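Just below is one structure, and these are the notes that go with it.
Everything numeric here is computed off the predicted structure, so don't read it as measured data.
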Amino acid sequence: QVQLVESGGGLVQAGGSLRLSCAASGRTFSNYAMAWFRQAPGKEPEFVGRINWSGGSTQYLNSVKGRFTISRDNAKNTVYLQMNSLKPEDTAVYYCAAGRDSSFRGGYDYWGQGTQVTVSS
């Protein structure tokens, strides 16, 4: 089992920045690829980005490329999502997940409880 706890969400104005963190405990963190998904009200969950076990490979949703950056610190069992130039359409609950290296929800076995990000215009 892997337990994931997100933090860092909040309310920010458009154009601002937030950094989300996801702390993992349980099984060996570096065994897993990590991903961020988000779900806006009334919408399906959406892949935001992923990072492989070493941090050497990342992939992003097109609409966040150049604005969001995923990184991980295996010594701290933590993955980060740095979000810059935030837009109102980025408003959602953000979830981190641990599992295989995939952009699909089905590739991830472990999920955090989510953290709310609200971007005001």
Side-chain angles (χ1 to χ4, degrees):
Q1 283 283 59
V2 176
Q3 291 78 42
L4 302 173
V5 179
E6 301 98 334
S7 61
L11 174 64
V12 64
Q13 288 189 332
S17 298
L18 283 174
R19 187 176 83 155
L20 306 184
S21 298
C22 173
S25 60
R27 292 187 176 179
T28 305
F29 177 70
S30 58
N31 285 349
Y32 296 93
M34 299 296 296
W36 289 93
F37 289 79
R38 67 186 181 186
Q39 187 169 21
K43 295 189 177 181
E44 291 292 314
E46 178 179 53
F47 167 80
V48 174
R50 63 144 188 86
I51 187 166
N52 75 335
W53 69 273
S54 68
S57 175
T58 56
Q59 180 187 5
Y60 297 95
L61 176 69
N62 282 340
S63 62
V64 308
K65 281 182 182 176
R67 299 189 298 122
F68 290 12
T69 303
I70 296 176
S71 61
R72 66 189 296 162
D73 185 336
N74 286 343
K76 295 183 177 180
N77 290 353
T78 302
V79 64
Y80 305 97
L81 179 65
Q82 178 67 45
M83 304 186 293
N84 298 328
S85 302
L86 282 160
K87 303 176 180 181
E89 51 264 43
D90 294 318
T91 295
V93 177
Y94 284 71
Y95 299 89
C96 69
R100 301 192 305 272
D101 203 0
S102 170
S103 60
F104 298 97
R105 281 183 290 157
Y108 295 89
D109 299 312
Y110 305 103
W111 294 81
Q113 82 289 350
T115 186
Q116 176 71 47
V117 171
T118 303
V119 184
S120 64
S121 57

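For the 3.5 Å distance criterion, the side chains of T78 and D73 fail to qualify, holding no donor opposite an acceptor. A donor atom on one side chain and an acceptor atom on the other are not found under 3.5 Å apart for R50 and N52. Donor-acceptor pairing under 3.5 Å is recorded for the side chains of R38 and Y94. Using modelled atom types and a 3.5 Å distance limit, the side chains of T91 and E89 yield no donor-acceptor pair.
In terms of heavy atoms, T69 sits closest to Y60 at CA-OH, 3.4 Å. The two residues T118 and Q116 make their nearest non-hydrogen contact at OG1-NE2, 3.3 Å. Contact record, Q59 with S103: OE1-CB, 3.9 Å, taken as the closest heavy-atom pair. L4 and A24 make their closest contact through CD2-CB, 3.6 Å (heavy atoms, listed as atom of the first residue, atom of the second, distance). Looking at every heavy atom in both residues, A40 comes nearest to A92 through N-CB, 3.8 Å. The shortest heavy-atom contact between G55 and R72 is N-CD, 3.9 Å.
Put simply, CE on M34 and CG on D101 are 11.5 Å apart, with the number rounded to the nearest 0.5 Å. Rounding to the nearest 0.5 Å places CD of Q82 at 8.5 Å from CG of L18. Note that the OG atom of S120 and the CG atom of L86 stand 10.0 Å from one another [nearest 0.5 Å].
Considering only heavy atoms from C-beta on, Q13 stays 4.5 Å or farther from V119 through its side chain. Put simply, the side chain of L81 reaches to within 4.5 Å of the side chain of F68, judged on heavy atoms. A 4.5 Å side-chain heavy-atom check between V64 and V48 finds at least one atom pair inside the cut-off. M83 places none of its side-chain heavy atoms less than 4.5 Å from the side chain of S17. Annotation: side chain of E44 is in contact with side chain of R105 (closest heavy-atom distance under 4.5 Å).
Cluster annotation: V93 and F47 are assigned to the same hydrophobic cluster (Ile/Leu/Val/Met/Phe/Trp/Tyr, side-chain heavy-atom contacts under 4.5 Å, transitive). By the criterion of side-chain heavy atoms lying less than 4.5 angstrom apart, applied directly or through intervening Ile, Leu, Val, Met, Phe, Trp or Tyr residues, Y80 is not grouped with I51; the two fall into different hydrophobic clusters.
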Exercise. Run the side chain to side chain contact (heavy atoms under 4.5 Å, CB included) check on V79 and W36 step by step: do they pass?
Worked result: CA-CA 9 Å; V79 64; W36 289 93; 4.0 Å; yes
For this session: Take Y95 and E6 through the side chain to side chain contact (heavy atoms under 4.5 Å, CB included) test and state the conclusion after the steps.
Result: CA-CA 7 Å; Y95 299 89; E6 301 98 334; 3.9 Å; yes
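The aromatic rings of W111 and F37 lie tilted to each other, with the angle between the two planes from 30° to 60°.
Distance alone, capped at 3.5 Å, places no donor-acceptor pair between the T28 side chain and the S30 backbone. Although no hydrogens or angles enter the test, the distance criterion places a donor-acceptor pair under 3.5 Å between the side chain of Y108 and the main chain of S102. Of the possible donor and acceptor atoms, one in the side chain of N74 sits under 3.5 Å from a partner among the backbone N and O of W53.
Around atom CZ of R67, more than 12 heavy atoms belonging to other residues, nucleotides or ligands sit under 6.0 Å away.
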